[in-house]
Participant: 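Pasting a structure here, questions to come.
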Amino acid sequence: MALNSLAFLIFLSVVVLIYYIVPKKIQWVVLLVASYGFYLSSGLDHVIYIIATTLFTYGAGRLMQSFRDKQKKEIAAMREITKEKKRELKKVVAKKVRVVQVITVLVNLGVLAYVKYLNFFIDGLNDIFSLFAWDASVPMINVIVPLGLSYYTFNTIGYIVDVGRGKHPAEKHIGKYALFVSFFPSIVQGPLFRYGDVGMQLQQTHKFDYNNVKYGAQLIMWGFFKKLVIADRLAPITQTVFSPGFTDYNGSQIFFGVLAYSFQIYGDFSGGTDITRGAAQMMGIELPVNFERPFFATSMADFWHRWHASLGAWMREFVFFPVMLCKPVTALSKKFRKAFGSHAGKIVPSVAAPFVVFFLIGIWHGLSWQYITNGLYNAILISSSVALAPVYDKLGKALRINTEAATWRLFQMLRTFTLLCISRVIVKAPSIGDAFKMIKAMFTSFDPDFLLGFDGEIYTYGVDEKSLWVVFFAIMILLVIGILQERGMKIRETISKQNFVFRWAVFLGLLAIILVFGAYGPSYDSSAFIYGRF
């Protein structure tokens, strides 16, 4: 059941209606039944994975909690206990908790790796056999890739780590924990969330609130606009330019393709997230914001704070800071500080942590050289900006650059977008070798006439002139809304304060644009969210 389908809208409407009709104490039951019903629509085989993950991580959480509860009872039963004895008991329990925590995380990651990467390793093994001319081969295995596996795996890992750290007690009720794992709006493509935040919201009762329903429906409509009018109309351009026949294209044609892909993937992913967040908001549940206008980013680090923000927050919490603070990194940092100064000491963790994070983000998207290269590319850009910060400061002062000027911010945005386009080529090109050729062409064989449409060739790349103008004006709407939001305007709240006629003119106008200019037809696949496969 695709998020942008009529079936999902009907399903959601029924769920919201029942959610507010039933007694409030069983609202969470309605969500659990709806979540498993939604999940079953993807296939019965998929449910096995999510049930197994739920039971395994629930049991691990309860086991860790039992260690702590038992320790508290033992300490309470002792009339006299020294601080040393109490510290010793806590160390013993902490060790047991850590063992359970590590095993649970490794098993979860092992399942994820098995599903996503098994055939990659089999293919590599067969290549080795062929290289040595061995008469052997390992057959590919038809592995079921369950819906939302990465998302609920990361959510449950976060839960296990938080329980292990003592941030909150383990959930006692298996049904309520199952709802946290399977909450249907977010299962397709996130956002990622923490148990202490969203997990607790799912258990709370919610009164009917017209504003929640209204704002949620508006956010869903905005998501449909991004997905159907922008992303799906740009898809043919991306498919045309990044086909294996790219050698026929010059730099301007490749730039046109990567420009289309940049807005396509944003409209697709952020549109899907808006639908997710809007659906949850209709029931009074606030999911984390996943996108903060990434095209207005002034650096690659800023971009990754704005793009897939929930994944970035997860990586910072569970990978970035642990790497920065681990003993080998801190020891090396001290050596650099003594040998080369305080700034050199800061460089070590600032380089080590991004490389680990972006390597993991790369293989999360897919175990291929393109994703790995792209991860390293982003890590180099971000870590070098920290390492070379003093140089940039001196250069800026020497050139008398006013860093507060709007022109400087515009330069930073264009620079970041150019670096982002290179990143997009790396992952979207037919191969890593093709990516380097395409990047070279972008800077060596540029034809402005093509982009300006003087020869009309630009209208032959999967879209006609009418469709291209539709996309152009849709992107302009997107950017204008983004500028207003960057200036602090809350669009939905602002519109709600306007006159009745104006409000409904805006909403009905947006609905008309979606119905008239959305990408539909025999070849349209409403389920093909780009990030749905992750």
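Remember, it's a predicted structure, so these values are computed and weren't measured experimentally.
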Participant: Find out whether W28 and L202 are in side-chain contact, i.e. whether some heavy atom of one side chain is under 4.5 Å from a heavy atom of the other.
Facilitator: no

Participant: List the atom of G375, the atom of F358, and the distance in Å for their closest heavy-atom pair.
Facilitator: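 Shortest heavy-atom contact: O-CB, 3.1 Å.
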
Participant: Are D268 and Q264 linked by a side-chain donor-acceptor pair shorter than 3.5 Å?
Facilitator: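 Checked: D268/Q264 side chains show no N/O donor-acceptor pair below 3.5 Å.
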
Participant: Are the side chains of S350 and S383 in touch, meaning some heavy atoms are under 4.5 Å apart?
Facilitator: no

Participant: Using a strict 4.0 Å threshold on nitrogen-to-oxygen distance, state whether D302 and R306 make a salt bridge.
Facilitator: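 Yes.
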
Participant: Relative to each other, are the rings of W307 and F303 parallel, tilted or perpendicular (30° and 60° limits)?
Facilitator: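 If you compare the ring of W307 with that of F303, the planes turn out parallel.
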
Participant: Between Q27 and T205, does any side-chain donor sit less than 3.5 Å from a side-chain acceptor?
Facilitator: no

Participant: Give a yes or no on whether the backbone of L419 and the side-chain of Y377 come within a donor-acceptor separation of less than 3.5 Å.
Facilitator: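 Checking the backbone N and O of L419 against the side chain of Y377, a donor-acceptor pair under 3.5 Å is found.
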
Participant: When you look at S150 and L112, which way does the side-chain contact (heavy atoms from CB on, under 4.5 Å) test go after all the steps?
Facilitator: CA-CA 7 Å; S150 294; L112 183 63; 3.6 Å; yes

Participant: Closest heavy-atom contact between A429 and M438?
Facilitator: CB-SD, 3.7 Å

Participant: Mark yes or no for whether T373, through its side chain, and Q370, through its backbone, hold a donor-acceptor pair below 3.5 Å.
Facilitator: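 No, because the side chain of T373 does not come within donor-acceptor range (under 3.5 Å) of the backbone of Q370.
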
Participant: Residues in salt bridge (charged side-chain N to carboxylate O under 4.0 Å, His left out) with R316, at least two apart?
Facilitator: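 Scan of R316 (salt bridge (charged side-chain N to carboxylate O under 4.0 Å, His left out), adjacent residues dropped) gives none.
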
Participant: Report yes if the side chains of D162 and Y195 come closer than 4.5 Å at any heavy-atom pair, otherwise no.
Facilitator: no

Participant: Would you compute the distance between atom CD1 of I26 and atom CG of L31 and round it to the nearest 0.5 angstrom?
Facilitator: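 Between atom CD1 of I26 and atom CG of L31 there are 11.0 Å.
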
Participant: Side chains of H206 and Y19: do they bring a donor and an acceptor to under 3.5 Å?
Facilitator: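 A pair is found: one side chain offers a donor N or O, the other an acceptor, under 3.5 Å apart.
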
Participant: Backbone N or O of V501 within a donor-acceptor pair of the N499 side chain at under 3.5 Å?
Facilitator: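 Not confirmed, N499 side chain does not pair with V501 backbone.
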
Participant: May I ask you to test the T57-N108 pair for a side-chain heavy-atom distance under 4.5 Å?
Facilitator: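 Side-chain contact under 4.5 Å: yes.
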
Participant: Does M315 form a side-chain contact (heavy atoms from CB on, under 4.5 Å) with F320? I'd like the steps, not just the answer.
Facilitator: CA-CA 6 Å; M315 285 290 178; F320 187 88; 5.7 Å; no

Participant: I'd like to check the side-chain hydrogen bond (donor to acceptor under 3.5 Å, both in side chains) partners of S299; sequence neighbours left out, ordered by chain and number.
Facilitator: none

Participant: Using every non-hydrogen atom in the two residues, find where L192 and L311 come nearest and quote the distance to one decimal.
Facilitator: CD1-CA, 3.7 Å

Participant: Taking the six-membered ring for Trp, are F269 and F291 parallel (under 30°), tilted (30 to 60°) or perpendicular (over 60°)?
Facilitator: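 Answer is perpendicular, since the angle exceeds 60°.
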
Participant: Please walk me through it: do I187 and F183 pass side-chain contact (heavy atoms from CB on, under 4.5 Å)?
Facilitator: CA-CA 6 Å; I187 203 71; F183 184 49; over 6 Å; no

Participant: What's the spacing between I514 CD1 and K226 NZ if we round to 0.5 Å?
Facilitator: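 These two atoms lie 12.0 Å from each other.
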
Participant: Does the side chain of S467 come within less than 4.5 Å of F517's, by heavy atoms?
Facilitator: no

Participant: Are Y159 and Y177 close enough, and set up right, to give a ring-ring contact (aromatic ring centres under 6.0 Å, His included), and what steps lead you there?
Facilitator: CA-CA 10 Å; Y159 166 81; Y177 179 71; 4.7 Å; yes

Participant: Identify whether NZ of Lys or CZ of Arg in K116 sits under 6.0 Å from the centre of the six-membered ring of W364 and within 45° of that ring's axis.
Facilitator: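 Geometry flag: set, cation within 6.0 Å and 45°.
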
Participant: Please check this pair: side chain of R277 against backbone of I220, looking for a donor-acceptor N/O pair closer than 3.5 Å.
Facilitator: no

Participant: Using every non-hydrogen atom in the two residues, find where V15 and A34 come nearest and quote the distance to one decimal.
Facilitator: CG2-CB, 3.7 Å

Participant: Within the structure provided, determine whether W304 and P294 are in side-chain contact (heavy-atom separation under 4.5 Å).
Facilitator: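 No, too far: nothing below the 4.5 Å cut-off.
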
Participant: Check for a donor-acceptor pair, side chain of N290 on one end and backbone N or O of T273 on the other, with a separation under 3.5 Å.
Facilitator: no

Participant: Determine whether the side chains of N402 and W408 contain a donor N or O and an acceptor N or O closer than 3.5 Å.
Facilitator: no

Participant: Is the shortest heavy-atom distance from the side chain of I481 to the side chain of Q485 under 4.5 Å?
Facilitator: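 In short, these two side chains touch, coming nearer than 4.5 Å.
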
Participant: Measure the OG1-CD distance between T298 and Q412 for me, rounded to the nearest 0.5 Å.
Facilitator: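 One gets 4.5 Å once the value is rounded to the nearest 0.5 Å.
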
Participant: Measure across T156 and T153 and return the closest heavy-atom pair with its distance rounded to 0.1 Å.
Facilitator: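 The answer is OG1-O, 2.8 Å.
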
Participant: Has N155 got a side-chain atom pairing as donor or acceptor with F193's backbone, closer than 3.5 angstrom?
Facilitator: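 Checking the backbone N and O of F193 against the side chain of N155, a donor-acceptor pair under 3.5 Å is found.
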
Participant: Report the distance from atom OG of S496 to atom NZ of K214, rounding to the nearest 0.5 Å.
Facilitator: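 Going from OG on S496 over to NZ on K214, the span is 4.5 Å.
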
Participant: Is the shortest side-chain heavy-atom distance between V229 and V471 below 4.5 Å?
Facilitator: no

Participant: Would you give the length of the straight line joining atom CD of Q201 to atom CG of L287, rounded to the nearest 0.5 angstrom?
Facilitator: 7.5 Å

Participant: Check each of D232, D274, N4 against K227 using the side chain to side chain donor-acceptor pair (under 3.5 Å) test, and report the only one that passes.
Facilitator: D232

Participant: Is the count of non-hydrogen atoms from other residues, nucleotides or ligands lying under 6.0 Å from R487 atom CZ greater than 12?
Facilitator: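 Atom CZ in R487 is not packed in, count stays at 12 or less.
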
Participant: So, E493 and R503, do they make that salt bridge, N to O below 4.0 Å?
Facilitator: no

Participant: Which heavy atom in F295 sits nearest to a heavy atom in L420, and how many Å separate them?
Facilitator: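 F295 and L420 have their closest heavy atoms at CE2-CD2, 4.4 Å.
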
Participant: Testing the 3.5 Å rule here: is there a donor-acceptor pair between the side chains of N374 and S423?
Facilitator: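 Yes - a donor-acceptor pair under 3.5 Å links their side chains.
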
Participant: Hey, could you give me the CG/OG1 distance between L3 and T276, rounded to the nearest 0.5 Å?
Facilitator: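 Reported to 0.5 Å precision, the distance equals 5.0 Å.
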
Participant: Is there a side-chain contact (heavy atoms from CB on, under 4.5 Å) between Y152 and I157? Walk through the geometry before answering.
Facilitator: CA-CA 8 Å; Y152 66 71; I157 288 175; over 6 Å; no

Participant: Using ring-ring contact (aromatic ring centres under 6.0 Å, His included), reason through F318 and F154 one step at a time and then give a plain yes or no.
Facilitator: CA-CA 10 Å; F318 300 117; F154 277 26; 9.3 Å; no

Participant: Testing Y36, Y151, Y39, F11 for ring pair (Phe, Tyr, Trp, His ring centres under 6.0 Å) with F184, which one passes?
Facilitator: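 It is F11; the other options fail the test.
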
